[in-house]
Amino acid sequence: SMRTHSTPVKSAGDGTSAARAPTSSVRSSGPAVQSSSKPFTESQVSVRRHTTQSSSMESSEVLPSMLTSEALAEATTATPDDAVEAGEYWLPWHIDSNFVTVLHKERYANEATAETVEEPEGAGLFVMTPSGDIGKVTAPPDAMLLQMGAFAQIYAGGVVNACRHAVVSPRPPGIARFNFCNFWYVPWHTVCEAPAGREDVAVSRGWNAMMDSSYLDITMRQGFAAFRKFMTSPEARVQFADSERFKELSERFPMPTRTATGASTTGPAVVVDVLTDVRCPFSFLSLLNLEKAMQNLGLSERATLRYRPVFLNPNVPKEGESLDDYLLREYGYTKEFAHSETYPLRVAGLKAGVELNPHRRVVNTFDAFVLIDAAEEFGRQHEVVKALSRRYFEEAQDISDAAILAAAAEEAGLSASEAAEWLSDNTRRARVQAVYDDLSSSIGEVPHFLLREHVSGNGLDIGGNRSVEEWESVLQGVLEKSRFVGMSIPGPRGEKVWLPEGNPNAPVSMALNAQHGWASSAWPYTDDDFSRIDESVDTAMYAQPRLVNHLDASSLERLTALYRGAFSSVPRGFAVLDLCSSWISHFPPELLEGARVAVHGLNQAELDVNAVATERHMQDLNDNARLPWEDNSFDFVTMALSVQYLTDPRAVFAEMNRVLRPGGMAIVTHSHRCFIEKAVKIFATETYDGEGHTHHILSYFRHGPAGGWEDLATADVSPQHGDPVWVVTAVKGGFSK
């Protein structure tokens, strides 16, 4: 997908660290310092002036964005002292993916009376120059503004600039914002190509580029799809928070499963990956402060800490080295100074509540991280790190010694006898080495922290030794990112189902409401719409069992969480029918005690190994849609990742309605993967069109049977990094409490 914005990676240390080869020493960072720029936040649009080198796009030969001089009268007058208190973004900072946008000055009205009202304070259209100056656009009410988009800049070879802009709307209660916008595109399949020789200047560079080479050589439709995906994502609502390194680290270290976090369900869980060496004193002190900040914010029981190896020096010999000799050689610190009461690290340690032992040695910590790796399997990493840190920093023990490591394992609640086996496990040792090799090229100093809110996956990566107060601010910012995630949908028997991972701003989530109650009264499809590339009988294709998953792990976790939310809304012992099932139904096992679980599919061998099934049935629904169960038999009917294969969906959905009890809930999930030769035409033509396919499924419910369903709902519960998980639900009518 296109990278819609780019930000610099802040330095985690004191500015003295140098780049290094993967096998050279990593510098341990000193106290973290603020970047010279002000960060962008929810409540404030800050100005960043000339903090990066100008690119070719910013040279004097480039014409300014094509807005009228009157419209831009105030757009370039901001200074670093003119930070705008902007309130909430209605549209975050972005560049339109089209060629040109024509718009007029927005207006505001009272929603109850439709009377025009004054513009709310702080609201309006804001633009940003390539150097970071921002300002509010002012224009006469009868003026039209011409705003250049990304494709215009690229097609012009950078001769015109696309306009960075955001719409800020405090949204006072009862006040609506409206304006006219006309977006100019070209045919969807037009490829975005820069003039020969101007590819480098056709795209933007620098910290606020918002448009890079990922825009080149893609079609207009692909550009629009990626742009829309970004604009409706939760992370787009918190601008300039995710560096490229954050995205890379997030992909390297997927979020743990909900049950693996050990976190309570009373609020958002925070996952912290600590990239460090366990002998780094700044890491030790920063972690102590982080723990105190978590306690102050009530997060201790809602946080998971994981540890990744970034060795200060992977080549420390087995016997180690005196810390006094090391400090004298590397920094010129004498033994007297390093042991004095005024030594900065001693002072910092006392402030954090510990007395650092100056008699410790520089040791090789590879084996220590092998033990830490083993502890992750038992959810005891943090306990092992605390035991190792106390023994090393306070008691000056040799944490490269096998006996010390075994004692630390036992202190952390693990088996001391098994510790020796873990340390000699070559597979485990190779895994630790591989993680270090992977990280060493991108992490230049320790400690480095990757913090993410567990549900949304949003967060940030930072480095350095931070105070308790600084950590509190960081954690509050991470938790704030969960504010844009979570939605409720109608559930069974008049209940509500809360989807903590639902994205209410996604096109799929808004698909139903976007129709404003309109729906076609007639069946909108022809027989050709359900034709397939392979029209042979389905049982032939599915004759051989496929014991595989059709989505990645993070997406399947979201599917299970969806079922967990729905099943939790009814008493235990419910009945569920899983249509088009296979060897696994992805239901939450903890909710299935006493449940009736009927599974249907096309391969008996797959159904036989479904561990949660209490009854199994094989049938080709495209040959015979009539289900063998009695009317009003089930509380739930689910269909995961198979709706695209139905050649007579009205008949199947009518059967789903028949076997459900009044008030029962149907849950249909779909994604962008399929066996293309067996998918019907309206799905196979554009496999990635989640919103369009959602409208098809809504039509299936409305006409299968007509009037049989109520409380239709749509939701996008896709993970930030993974396959899409799109949901359409409906409730069978006729229920009354």
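Both backbone and side-chain heavy atoms feed into the values below; hydrogens, waters and symmetry mates do not. One is the number of the first residue; the rest follow in order along the sequence.
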Peer 1: Under a 3.5 Å distance rule, please check whether Glu470 uses its side chain to pair with a backbone N or O of Ser467 as donor and acceptor.
Peer 2: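 Such a contact is found between Glu470 side chain and Ser467 backbone.
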
Peer 1: Please check: side-chain N/O of Ser441 versus main-chain N/O of Asp437, any donor-acceptor pairing under 3.5 Å?
Peer 2: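 Looks like no, no N/O pair under 3.5 Å.
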
Peer 1: Indicate the atoms forming the closest heavy-atom contact of Ser555 with Pro719, along with that distance.
Peer 2: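 The answer is OG-CG, 3.5 Å.
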
Peer 1: Does the side chain of Pro256 come within less than 4.5 Å of Glu557's, by heavy atoms?
Peer 2: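 Of all side-chain heavy-atom pairs linking Pro256 with Glu557, none is under 4.5 Å.
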
Peer 1: Taking all heavy atoms of Asn465 and all of Leu285, pick out the closest pair and write down the distance.
Peer 2: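 Looking at all heavy atoms of both residues, the shortest contact is OD1-C, 3.8 Å.
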
Peer 1: After noting the C-alpha distance and the side-chain angles of Arg360 and Glu394, does the key distance pass the salt bridge (Lys or Arg N to Asp or Glu O under 4.0 Å) rule?
Peer 2: CA-CA 8 Å; Arg360 63 189 185 277; Glu394 299 182 58; over 6 Å; no

Peer 1: Measure the CD-OG1 distance between Gln381 and Thr304 for me, rounded to the nearest 0.5 Å.
Peer 2: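 The CD atom of Gln381 sits 10.5 Å away from the OG1 atom of Thr304.
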
Peer 1: Just verifying a value: how many Å separate Leu356 CG and Tyr392 OH, rounded to the nearest 0.5 Å?
Peer 2: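 Result: 10.0 Å between the selected atoms.
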
Peer 1: Would you say the side-chain atoms of Arg380 pair up with the backbone N or O of Glu377, donor to acceptor, closer than 3.5 Å?
Peer 2: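 Looks like no, no N/O pair under 3.5 Å.
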
Peer 1: Would you find a donor on one side and an acceptor on the other, under 3.5 Å apart, between the side chain of Asp716 and the backbone of Ala506?
Peer 2: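 Side chain of Asp716 to backbone of Ala506: no pair is present.
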
Peer 1: Determine the minimum heavy-atom distance between Val432 and Val370, stating which atoms define it.
Peer 2: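 Closest approach of Val432 to Val370: CG2-CA, 4.0 Å.
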
Peer 1: Could you go step by step and tell me if Leu305 and Leu287 meet the side chain to side chain contact (heavy atoms under 4.5 Å, CB included) rule?
Peer 2: CA-CA 10 Å; Leu305 278 77; Leu287 280 168; 4.0 Å; yes

Peer 1: Give me the atom names and distance for the closest heavy-atom approach of Leu451 to Phe246.
Peer 2: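 Smallest heavy-atom distance, with atoms named: O-CE1, 3.9 Å.
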
Peer 1: Keeping the roles fixed (side chain from Asn364, backbone from Val316), state whether a donor-acceptor pair exists under 3.5 Å.
Peer 2: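 Flag set: sc Asn364 to bb Val316 pair under 3.5 Å.
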
Peer 1: Counting C-beta onward and ignoring hydrogens, is there a side-chain heavy-atom pair between Glu321 and Arg329 closer than 4.5 Å?
Peer 2: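 Yes. Closest side-chain heavy atoms under 4.5 Å.
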
Peer 1: With salt bridge (charged side-chain N to carboxylate O under 4.0 Å, His left out) as the rule and sequence neighbours excluded, what pairs involving residues 278-292 come up?
Peer 2: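 Every salt bridge (charged side-chain N to carboxylate O under 4.0 Å, His left out) pair that includes a residue of residues 278-292, provided the two are not neighbours, is Glu291-Lys386.
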
Peer 1: Working to the nearest 0.5 Å, report the span between CG of Leu499 and CZ of Arg558.
Peer 2: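 The CG atom of Leu499 sits 10.5 Å away from the CZ atom of Arg558.
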
Peer 1: Are Asp277 and Ser283 side-chain neighbours, meaning at least one heavy-atom pair lies under 4.5 Å?
Peer 2: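 Counting from C-beta outward, Asp277 and Ser283 never come under 4.5 Å.
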
Peer 1: So which heavy atom on Leu414 is nearest to which on Val384, and how close?
Peer 2: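 Taking every non-hydrogen atom into account, CD1-CG2, 3.8 Å.
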
Peer 1: Side chains of Trp471 and Ser286 only: does a donor on one sit below 3.5 Å from an acceptor on the other?
Peer 2: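 The answer is yes; a qualifying pair exists.
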
Peer 1: Is the side chain of Glu410 donor-acceptor paired with the backbone N or O of Ala416 at a distance under 3.5 Å, no angle test?
Peer 2: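 Not a single qualifying donor-acceptor pair exists.
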
Peer 1: Counting only N and O atoms by type, is there a donor-acceptor contact under 3.5 Å from the side chain of Arg391 to the main-chain atoms of Ile404?
Peer 2: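 It does not hold such a pair.
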
Peer 1: Once rounded to the nearest 0.5 Å, what's the spacing between atom CG of Leu475 and atom CZ of Arg302?
Peer 2: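 Spacing of CG (Leu475) from CZ (Arg302) equals 10.5 Å.
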
Peer 1: Taking atom types as modelled and ignoring hydrogens, do the side chains of Asp273 and His448 form a donor-acceptor contact shorter than 3.5 angstrom?
Peer 2: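 Short answer, no.
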
Peer 1: Please walk me through it: do Val272 and Leu450 pass side chain to side chain contact (heavy atoms under 4.5 Å, CB included)?
Peer 2: CA-CA 6 Å; Val272 182; Leu450 174 67; over 6 Å; no

Peer 1: Flag the pair Asn503 / Val485 as yes when at least one side-chain heavy-atom distance between them is below 4.5 Å, and no otherwise.
Peer 2: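 Sidechains of Val485 and Asn503: no contact.
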
Peer 1: Starting from the C-alpha separation in whole Å, work towards a yes-or-no answer on side chain to side chain contact (heavy atoms under 4.5 Å, CB included) for Asn289 and Met294.
Peer 2: CA-CA 9 Å; Asn289 291 336; Met294 287 180 173; over 6 Å; no

Peer 1: Are any of the side-chain heavy atoms of Phe253 and Leu439 separated by less than 4.5 Å?
Peer 2: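 Yes - at least one pair of side-chain heavy atoms lies under 4.5 Å apart.
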
Peer 1: Is the count of non-hydrogen atoms from other residues, nucleotides or ligands lying under 6.0 Å from Glu319 atom CD greater than 12?
Peer 2: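 Atom CD in Glu319 is packed in, count exceeds 12.
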
Peer 1: With a 4.5 Å limit on heavy-atom distance, are the side chains of Val271 and Arg306 in contact?
Peer 2: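 They are in side-chain contact.
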
Peer 1: Is there a donor-acceptor pair under 3.5 Å between the side chain of Asp324 and the backbone N or O of Lys335?
Peer 2: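 Looks like no, no N/O pair under 3.5 Å.
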
Peer 1: Centroid separation under 6.0 Å, is that true for the rings of Trp422 and Phe369?
Peer 2: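 No, too far apart.
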
Peer 1: Using side chain to side chain contact (heavy atoms under 4.5 Å, CB included), reason through Arg431 and Asp373 one step at a time and then give a plain yes or no.
Peer 2: CA-CA 9 Å; Arg431 182 164 65 236; Asp373 176 82; 2.7 Å; yes

Peer 1: Return yes if some donor-acceptor pair links the side-chain N/O of Ser568 with the main-chain N/O of Gly565 below 3.5 Å, else return no.
Peer 2: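 Judged by distance alone, no pair lies under 3.5 Å.
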
Peer 1: Charged N to carboxylate O below 4.0 Å: is that the case for Arg308 and Glu376?
Peer 2: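 Answer for the salt bridge query: yes.
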
Peer 1: Is it the case that the side chains of Asn357 and Glu395 hold a donor-acceptor pair, with the cut-off being a distance below 3.5 Å and no angle test?
Peer 2: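 The answer is no; no qualifying pair exists.
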
Peer 1: Taking the inter-plane angle between the rings of Phe337 and Tyr333 on a 0 to 90° scale, is it parallel (under 30°), tilted (30 to 60°) or perpendicular (over 60°)?
Peer 2: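 Plane angle over 60°, so perpendicular.
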
Peer 1: Taking the six-membered ring for Trp, are Tyr436 and Phe311 parallel (under 30°), tilted (30 to 60°) or perpendicular (over 60°)?
Peer 2: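 Correct class here is tilted.
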
Peer 1: Does the side chain of Arg361 pick up a donor-acceptor pair with the side chain of Ser400 at under 3.5 Å?
Peer 2: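 Not at all, the side chains of Arg361 and Ser400 share no donor-acceptor pair under 3.5 Å.
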
Peer 1: I'd like to know if the side chain of Thr276 reaches the main chain of Val278, judged simply by a donor and an acceptor atom lying under 3.5 Å from each other, with no hydrogens or angles considered.
Peer 2: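 Checked: no pair found.
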
Peer 1: Is there a side-chain contact between Pro447 and Leu275, using heavy atoms and a 4.5 Å cut-off?
Peer 2: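 A side-chain contact under 4.5 Å is absent here.
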
Peer 1: Would you say that Val274 contacts Leu290 through its side chain, given a criterion of any heavy-atom pair below 4.5 Å between the two side chains?
Peer 2: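 A side-chain contact under 4.5 Å is absent here.
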
Peer 1: Can you tell me how far apart CG (Asp367) and CG (Asp401) are? Round to the nearest 0.5 Å.
Peer 2: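 Rounded to the nearest 0.5 Å, the CG-CG separation comes out at 9.5 Å.
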
Peer 1: State, to 0.1 Å, how close Phe284 and Val354 come at their nearest heavy-atom pair, and which atoms those are.
Peer 2: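 So the minimum-distance heavy-atom pair works out to CE2-CG2, 3.8 Å.
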
Peer 1: For the CG atom of Leu405 and the OG1 atom of Thr365, what is their distance to the nearest 0.5 Å?
Peer 2: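 With rounding to 0.5 Å, CG (Leu405) is 10.0 Å from OG1 (Thr365).
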
